[in-house]
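Reading through the structure tokens given below for one structure.
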Amino acid sequence: MSIRKILLLLSVTCGWFTASAQDFIVPPTNINANGYPHVLSDNSVEFRIRSNDDLSQMKVSLDPSCRFERQQDGFWMAHTKPLVPGFHYYWFTIGGIDFSDPASKSYFGCGRMTSAIDIPEVGCDFYNVKDVPHGKVSIVTYYSKVRKAYATMYVYTPASYAEGNRRYPVLYLQHGGGEDESGWTFQGKTNHILDNLIAEGKANEMIVVMSNGNITVPGAGFGYSIEGMKGFEKELTEEIVPFVDKSLRTIPDRKSRALAGLSMGGGQSFFVGLQHTELFSHIGIFSTGVFGGIRETKAFDAEAAMPGLISQHEKFNQALALFYISVGTDDPRLSSTQKAVADMRQKGLSVTFNSFPGDHEWQVWRKSLHDFAQQLFR
């Protein structure tokens, strides 16, 4: 298929649904609540596209075996296998070219803007919008001397922030590889999670700062190591924390600061947070490859990775009000993480651990934040 025809395909709308309302759910990731794609009762997904071209070889990344079939009404339909609940990036492929679904919202993930679909989990509504006081997410611009450029951060302030002159503790919350500072708001639903927890009295009111962790220092490279995290360390400690304390009504002390992140951001929390307990008293590490379980990571040695973490574990136990680690039950990092936690505990380090159903994906990270936030600043 030519590029011209693919562009024409992108311009068509996906038709409205014809099934009864009981048969499917329209996911919140659809544009303007369009009826397709939609989620069936078994969590499989149906797509419907109008095109005069042959789409029989067009693939859906959610399911390698899924193909489009022409219907009697002239529309093309595809039906995936059942998917696990949670947030799924996806794209269409035809003629060797990937492109986004015009019927779904696009998000920055996988290193690019791409479509996504959110499969609801039965009985799981902690990240939904509810009738509670709502905080605000602002996009804040600052100049970074480390980057030698302007950068942005997403900042959540609780509903009460607009009232009076009260000061708040701060959670610095980092995204994963292939994502950016927008991820924890749009994919992670951080503001809804915090709004609901605060309204239920399960979490303290706090500011959440979500910055872009994609930064390296020339010559240092990037990886799960102290040296590999030097760029982010300088950015966080020399630029972001001072800027936030100057610009927002924070409580500017270590007891009122937390650092957490998912995957790559979990590695940043480990290597930067544990080096700077003079700045952070709460550390959260979600689904990181630091402990192993990915091709790029060697066998984990806590003392070698972070000198003093084991030999001076009492110092870390006293400095940290919370050292939290989580991972999905289907994540390849699970067994390595469990082994690392057991080893650190056996050698005297205080570690809080939890796991949640799922692989290396946003539903696990939403649950990790939901659990972690309830234990902060107590």
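- Checked for salt-bridge contact, D253 and R167 miss the test: no charged N lies under 4.0 Å from a carboxylate O.
- A donor-acceptor pair under 3.5 Å is formed between the side chain of Q275 and the backbone N or O of F271.
- Side-chain atoms of Q374 do not come within 3.5 Å of backbone N or O of L197 as any donor-acceptor pair.
- Of all non-hydrogen atoms in L320 and T277, the two that sit nearest each other are CD2-CG2, 3.9 Å.
- When the options S104, S100, S61 are evaluated for a side chain to side chain donor-acceptor pair (under 3.5 Å) with Y90, the one that passes is S104.
- Using a 4.5 Å cut-off between side-chain heavy atoms of Ile, Leu, Val, Met, Phe, Trp and Tyr, with links allowed through other members, V146 and Y172 fall into the same hydrophobic cluster.
- Distance check, rounded to the nearest 0.5 Å: CD1 of I285 to OG of S368 gives 11.5 Å.
- Using a 30° and 60° split on the angle between ring planes, Y161 and Y168 fall in the tilted class, from 30° to 60°.
- Counting all heavy atoms, side chain and backbone alike, Q375 lies closest to T352 at OE1-CG2, 3.8 Å.
- For the pair Y156 and M210, the tightest heavy-atom approach, listed with the atom from each and the gap, is N-CE, 4.0 Å.
- Using modelled atom types, one finds a donor on one side chain and an acceptor on the other under 3.5 Å when comparing D331 with H360.
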Under the salt bridge (Lys or Arg N to Asp or Glu O under 4.0 Å) criterion, do D245 and R257 qualify, and how do the steps go? CA-CA 11 Å; D245 282 344; R257 292 194 197 99; 2.8 Å; yes

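- Taking both residues in full, the closest heavy atoms of F377 and H282 are given as N-NE2, 3.3 Å, listed atom of the first, atom of the second, then distance.
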Test side-chain contact (heavy atoms from CB on, under 4.5 Å) on Y154 and S182 and set out the steps. CA-CA 7 Å; Y154 282 58; S182 66; 3.7 Å; yes

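- For F186 and Y107, the distance between ring centers is not under 6.0 angstrom.
- Taking 4.0 Å as the cut-off between side-chain N and carboxylate O, R366 and E121 do not count as a salt-bridged pair.
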After noting the C-alpha distance and the side-chain angles of F323 and L274, does the key distance pass the side-chain contact (heavy atoms from CB on, under 4.5 Å) rule? CA-CA 9 Å; F323 182 36; L274 292 179; 4.2 Å; yes

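- With R333 contributing its side chain and F291 its backbone, the two residues share no donor-acceptor pair below 3.5 Å.
- The backbone N or O of S115 sits nowhere less than 3.5 Å from a side-chain atom of W91 that would complete a donor-acceptor pair.
- In summary, the side chains of H276 and E233 do present a donor paired with an acceptor at a separation below 3.5 Å, with no hydrogens or angles considered.
- With salt bridges taken as basic N to acidic carboxylate O contacts below 4.0 Å, none links E239 and R147.
- In this structure, OG on S355 lies 6.5 Å from CD on Q338, to the nearest 0.5 angstrom.
- Under the 3.5 Å distance criterion, the side-chain polar atoms of S256 are left unmatched by any main-chain donor or acceptor of P252.
- N34 and V26 get closest at one heavy-atom pair: O-CG1, 3.2 Å.
- Checking F372, W362, W365 one by one against F286, the ring pair (Phe, Tyr, Trp, His ring centres under 6.0 Å) holds for a single residue, F372.
- The two atoms that bring L259 and Q268 nearest to each other are CD2-O, 4.3 Å, heavy atoms only.
- For the residue pair N354 / S326, no side-chain donor-acceptor distance below 3.5 Å is found, with atom types taken as modelled.
- There is no path of hydrophobic side-chain contacts, each under 4.5 Å, that joins F270 to Y324.
- Judged purely by distance below 3.5 Å, without hydrogens or angles, the side chains of E181 and T152 pair a donor atom with an acceptor atom.
- In terms of the side-chain hydrogen bond (donor to acceptor under 3.5 Å, both in side chains) criterion, D330 has no residue partners (sequence neighbours excluded).
- Put simply, the side chain of E69 never gets that close to the backbone of S56: no donor and acceptor are under 3.5 Å apart.
- Looking only at distances, a side-chain donor or acceptor of N196 sits under 3.5 Å from a matching main-chain atom of N128.
- Within the model, atoms CD1 of I117 and CG of N30 stand 6.5 Å from one another, a figure rounded to the nearest 0.5 Å.
- Under the 4.0 Å criterion applied to side-chain N and carboxylate O atoms, K145 and E238 are not assigned as salt-bridge partners.
- Not a single donor-acceptor pair under 3.5 Å links the side chain of D42 to the backbone N or O of P82.
- Both M264 and V209 are assigned to one and the same hydrophobic cluster, defined by single-linkage of ILVMFWY side chains at heavy-atom distances under 4.5 Å.
- A centroid separation of 6.0 Å or more is found between the aromatic rings of Y127 and H370.
- Between K347 and D343 there is a salt bridge, since at least one side-chain N of the basic residue sits less than 4.0 Å from a carboxylate O of the acidic one.
- Connection of W184 to M206 is established within a shared hydrophobic cluster, with ILVMFWY side chains joined at heavy-atom distances below 4.5 Å, either directly or through further cluster members.
- Residues L62 and K81 form no side-chain contact, since every pair of their non-hydrogen atoms from C-beta on lies 4.5 Å or further apart.
- When the ring pair (Phe, Tyr, Trp, His ring centres under 6.0 Å) test is applied to Y89, the partners found at least two apart in sequence or on another chain are F87.
- Put simply, the residue from V137, V155, L173 that forms a side-chain contact (heavy atoms from CB on, under 4.5 Å) with T185 is V137.
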Please lay out, stage by stage, how W76 and D53 fare under the test side-chain contact (heavy atoms from CB on, under 4.5 Å). CA-CA 10 Å; W76 292 82; D53 292 308; over 6 Å; no

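- Both F243 and L279 are assigned to one and the same hydrophobic cluster, defined by single-linkage of ILVMFWY side chains at heavy-atom distances under 4.5 Å.
- Using a distance-only test at 3.5 Å, with no hydrogens or angles considered, a donor-acceptor pair links the side chain of E361 to the main chain of Q363.
- For the atom pair CD1 of I193 and CD1 of I198, the computed distance is 11.5 Å after rounding to the nearest 0.5 Å.
- The CG atom of L236 sits 12.0 Å away from the CE atom of M229 when rounded to the nearest 0.5 Å.
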